[in-house]
Amino acid sequence: MKIIRRPRRSRKSDVIRALLEETKLSLEDFIFPLFLKDGDGTKEAVPSMPGVYRHTVASLLKEIEECILLGVKNFCLFPFIDDTLKDQFASESYNPESIYLKTVRKIKTHFPEAYLMTDVAMDAYSSDGHDGVYQKEAILNDETLPILGKMALAQAQAGTDIIGPSDMMDGRIGYIREVLDKEGFKEVLIMAYTAKYASALYEPFREALGSTPKKIDKKTYQMNPANRREALVEATLDIQEGADVLMVKPAICYLDVIKALKDCYNLPVAAYNASGEYVMIKAAAQNGWLDEKEVMLESLISIKRAGADIILSYFTKEYAKLLNKSNF
Ligand code: PBG
């Protein structure tokens, strides 16, 4: 038997495999999502997300410092807001003395080298647990815009570098870009949640934030998981409206969508490795069913291979530790 082409020649040793490796993960691609809560106490473990905490201001600053020493440069911050501060119109979201905005200012003062992404959506501050104004079994689109504008502006004033409007409704990017530009924040980037699916994989995150919707689900604004071409419609709009980066969320179940955006457009593509994707690996590893490190690396490389330039992942610090060869 004559076999001329033998692809196994290219897999013979570590050296040749590394030489021919098509995709390389880099810590610089990562954004690390962190949770912040009010109060002086101590940080709290998030029960639904092993290894993830609701930080106090002090423990958050320590965590960021540790991460920076490990080489992590990019962070994304979400707030756990006390129920007593929530209302129908999320007014705490643009209160300059809110724990979130105070902490954004602190982070930027203590760590000017850290690149910080902040979240623009009502859910963390809404007594209804929705991303927009809830009224009579409906989520209002246009009526939510002025609230998002105030929130984005307050975050820009607090010193954020990049804004992530995560509510997946219409006209967000254009509206927020206009507000920011008018107020002199032309240099603040916008990462559009271009294709955010109505996914069951956000459950652990909602527990972390205490933001589970009280009534109705999010299917009238987040996308149907069955749709890929609709993501292209969303991307076209976000680009027209001024987005700097397009994002797909979740990541692992939507690798084809990441690839579609990468192939069809010239903007950077980000992928949000959602909380449910993180805990599936954690839970299986805790049971001894999967090798956590190997599955983590395989899933992260698959996101990159699909075309993501940026990966938002709760694994960021563990990946950084692994690179630093400390005790993973
Ligand atoms: C809400 C928001 C969600 C996530 C990020 N921003 C949850 C939701 O849409 O209900 C999910 C993050 C994750 O699961 O890791 N604006």
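Start at 1 with the first residue, then count along the sequence. Counting starts at 1 for both ligands and their atoms, in listed order.
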Kindly compute the distance separating NE2 (H110) from CD1 (I68), expressed to the nearest 0.5 Å. 11.0 Å
Please confirm whether the backbone N or O of L189 pairs with a side-chain atom of D244, one donor and one acceptor, at under 3.5 Å? no
Results of side chain to side chain donor-acceptor pair (under 3.5 Å) for K62 - residues two or more places apart only: none
So which residues, sorted by chain and number, lie with a heavy atom under 4.0 Å of ligand 1? A121, D123, D131, S166, K196, L201, Y202, F205, R206, K218, Q222, K249, Y272, A274, S275, Y314
For residues 188-211, which residue pairs qualify under side-chain hydrogen bond (donor to acceptor under 3.5 Å, both in side chains), counting only residues two or more places apart or in two chains? T194-D238
Quick one: side chain to side chain contact (heavy atoms under 4.5 Å, CB included) partners of L290, sequence neighbours excluded? A284, V295
Partner of I258 under side chain to side chain contact (heavy atoms under 4.5 Å, CB included), picked from V248, I252, D309, is V248
